[in-house]
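For the single chain, residues carry numbers from 1 onward in sequence order.
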Amino acid sequence: MISLLRVCLLLMALLVPVRGEPGLKQVDASALQAVFDQTARELGVPGALALLRTPQGEVVLSYGTTELGQSIPPTAATHFRIASNTKTMTAAVILLLAQEGRLQLTDPVEKFVSGVPAGDRITVAQLLSMRSGLANYTQSPALADALDRHPARTWTPREVLALAFAQPAHFAPGAEFEYCNTNYALLGLIAEKLEGCPLAAIFQARLFQPLGMQSTLLPGPVLPNPFSHGYMYGGSAFALVDKPYPPGMGQQPPHDYTLQNASYATAAGGAVSTARDLAIWIEALVDGRVLNTAWQRRFLTDIRPQDPAAPQGQGYGYGLTRLTFGGNRLYFHGGELPGFNSFIGRDPANQMTLVVWTNLTLSLDGQTTANTLMLKLLDQLYAESPLH
């Protein structure tokens, strides 16, 4: 669930804002498929899928299989765990509640959830924008160890929050940016308190049903058919704690994490979807079909630099990242859980939508697989390459 942190660091290292003419090149589906295939092979992923939409049409790129030992090509209708892309949905629900006047972004967390350290000083906006200072529960070695020992265990938000609250805060509320799943676990509890029902039902009623997202849900451990298995080398800590692979990893086949119970992620990363549904979602979210005009403007403009020393660099807002390169502006999020890596992005000016997912969390050399594929595709798509 920390893949957004990984992709942010990767993009900050590789994507340097440059001057140039914005816009897309002529889309060559065959060339894109060739790049996709080559990169997927180099990463060693069992299967991968990309869905691209531009004014030139839609392209679906498929590689490999959804299950090792079988020959089942991924499709745009294959279900997979979207991990931290769920945060875009949790943030949207909170903003809808604010739009309706049922909360204020300046409200302290303790107004809705008791027992939060510095809960009288941490605001809803600071949770949304990753500026609370709270420790990240997924960084707890105890969580990764428990997941590996008891993968079917069901976790409650209060249980994972206790792991975070046992650790000291990293900084004063509002002082810095730090990507943190604890923030979104709390936002999920706030939504449930105000709505009086589970987050899964809130997502369904407020987001999925109105947008016709029939293949998206906040599930238990079982994925709907058709689904992809998800694989990773080593234990859960390599995905959750950003632990590097030791030498010799890969001498054994990757573990199948498909049935790991993702209840520990829930509001921060528990949803399941398809590439087709996620394209619907990121387009609706960025293009203004979820929030009203005033709140949509705030949603896309209240984005602050992650690094104050780089004010023109990458910024994070209310569950969404913004990146500017070559005169282009891309809004995106990423997702990572044991077994899966994914990316959703929308460039509204160029009407470009890109969804990428893989069923291997990390390559053996430590690359987040979907993010690497995404960068290769963007390099092919834009007149001003983000890699130059």
Side-chain angles (χ1 to χ4, degrees), residues 3-4 7-8 50-54 58 76 80-100 105 124-125 127-130 179 183-184 187-188 191 195 199-200 202-218 267-304 314-324 328-335 342-357 370 374:
S3 71
L4 183 63
V7 72
C8 288
L51 187 153
L52 169 69
R53 288 179 178 170
T54 73
E58 180 177 285
F80 65 97
R81 298 195 185 278
I82 72 171
S84 286
N85 290 308
T86 308
K87 290 182 175 70
T88 61
M89 300 164 181
T90 301
V93 165
I94 294 296
L95 292 175
L96 284 169
L97 291 168
Q99 178 179 294
E100 295 163 5
L105 297 191
V124 173
L127 296 180
L128 285 165
S129 59
M130 302 294 188
Y179 190 80
N183 296 324
Y184 276 72
L187 290 169
E195 293 282 64
L199 189 63
I202 299 171
F203 277 3
Q204 188 65 37
R206 284 188 170 271
L207 306 177
F208 306 155
Q209 186 174 352
L211 292 173
M213 297 167 61
Q214 299 180 4
S215 299
T216 307
L217 67 160
L218 196 61
V272 163
S273 189
T274 66
R276 185 79 65 202
D277 264 15
L278 287 179
I280 294 171
W281 169 245
I282 193 65
E283 288 176 359
L285 183 65
V286 174
D287 292 359
R289 298 197 300 276
V290 176
L291 301 169
N292 67 24
T293 301
W295 275 93
Q296 181 70 12
R297 185 181 305 112
R298 184 171 182 179
F299 175 56
L300 295 184
T301 57
D302 283 7
I303 297 178
R304 298 167 58 190
Q314 188 166 280
Y316 195 89
Y318 302 142
L320 200 64
T321 301
R322 182 181 66 201
L323 179 75
T324 301
N328 303 288
R329 182 168 288 179
L330 179 66
Y331 297 90
F332 72 92
H333 212 283
S342 56
F343 169 91
I344 57 175
R346 174 68 171 167
D347 173 349
N350 289 302
Q351 300 177 57
M352 190 283 296
T353 300
L354 180 62
V355 178
V356 183
W357 67 263
M374 170 269 296

What pair of heavy atoms forms the shortest contact from A76 to T274, and how long is it? O-CB, 3.3 Å
Distance check, rounded to the nearest 0.5 Å: T301 atom OG1 versus Y318 atom OH? 8.0 Å
Whether Y316 side chain and R322 backbone form a donor-acceptor pair below 3.5 Å: no
Side chain to side chain, L105 and L95, heavy atoms closer than 4.5 Å: yes
Restricting to non-hydrogen atoms, name the atom on A92 and the atom on L207 that form the minimum distance, rounded to 0.1 Å. CB-CD2, 4.3 Å
I94 side, atom CD1; L128 side, atom CG - distance, nearest 0.5 Å: 6.5 Å
Within the 4.5 Å heavy-atom criterion, are Q204 and L218 side-chain neighbours or not? no
Are F332 and I344 close enough that some pair of their side-chain heavy atoms sits under 4.5 Å apart? no
Start with the C-alpha gap between F80 and V272, add the side-chain angles, then the distance that decides, and say whether side-chain contact (heavy atoms from CB on, under 4.5 Å) holds. CA-CA 6 Å; F80 65 97; V272 163; over 6 Å; no
Determine whether L278 and I280 make a side-chain contact, defined as any pair of heavy atoms from C-beta on separated by less than 4.5 Å. no
With a 6.0 Å cut-off (strictly less than), is the heavy-atom count around CD of E100, excluding the residue itself, greater than 12? yes
Does any N or O in the side chain of Y184 come within less than 3.5 Å of the main-chain N or O of G269, such that one atom is a donor and the other an acceptor? no
Tightest non-hydrogen contact, residues L51 and A279, listed as CD2-CB, 3.9 Å
F203 ring center near F208 ring center (under 6.0 Å): yes
Report the C-alpha distance between L323 and R329 in whole Å, list the side-chain angles of each, state the deciding distance to 0.1 Å, and finish with yes or no for side-chain contact (heavy atoms from CB on, under 4.5 Å). CA-CA 6 Å; L323 179 75; R329 182 168 288 179; over 6 Å; no
Could you grab the distance from atom CG of L300 to atom CG of D287, nearest 0.5 Å is fine? 9.0 Å
Quick one about N350 and T54 (side-chain donor to acceptor, distance below 3.5 Å, no hydrogens or angles considered), yes or no? no
Taken to the nearest 0.5 Å, the spacing of R298 CZ from I303 CD1 works out to 12.5 Å
May I ask you to decide if Q351's main-chain N or O and E283's side chain share a donor-acceptor pair within less than 3.5 Å? no
Exercise: identify the closest heavy-atom pair between L285 and Q296: O-NE2, 3.1 Å
Are any of the side-chain heavy atoms of L211 and R206 separated by less than 4.5 Å? no
Using distance alone, with no hydrogens and no angle criterion, decide if S84 and K87 have a side-chain donor and acceptor under 3.5 Å apart. yes
What pair of heavy atoms forms the shortest contact from M352 to L52, and how long is it? SD-CD1, 3.8 Å
Measure the OH-OG1 distance between Y331 and T88 for me, rounded to the nearest 0.5 Å. 15.0 Å
Under 3.5 Å: donor-acceptor pair, side chain of N85, backbone of I82: yes
For Y179 and H333, take the angle between the two ring planes, folded into 0 to 90°, and tell me which bin it lands in: parallel under 30, tilted 30 to 60, perpendicular over 60. tilted
Do any N or O atoms from the side chain of T86 and from the backbone of A271 form a donor-acceptor pair under 3.5 angstrom? yes
Between W281 and S273: side-chain donor-acceptor atoms closer than 3.5 Å: no
Are the side chain of Q99 and the backbone of W295 linked by a donor-acceptor contact shorter than 3.5 Å? no
Which distance, rounded to the nearest 0.5 Å, do you find between the CZ of R304 and the CD of Q314? 15.0 Å
Quick one: does D347's side chain have a donor or acceptor within less than 3.5 Å of a partner on L330's backbone? no
Beyond-backbone contact of T216 with M89, side-chain heavy atoms, under 4.5 angstrom: yes
Are more than 12 heavy atoms from other residues, nucleotides or ligands located less than 6.0 Å from atom CD of E58? yes
Between L199 and A191, the two heavy atoms sitting closest are CD1-CB, 4.1 Å
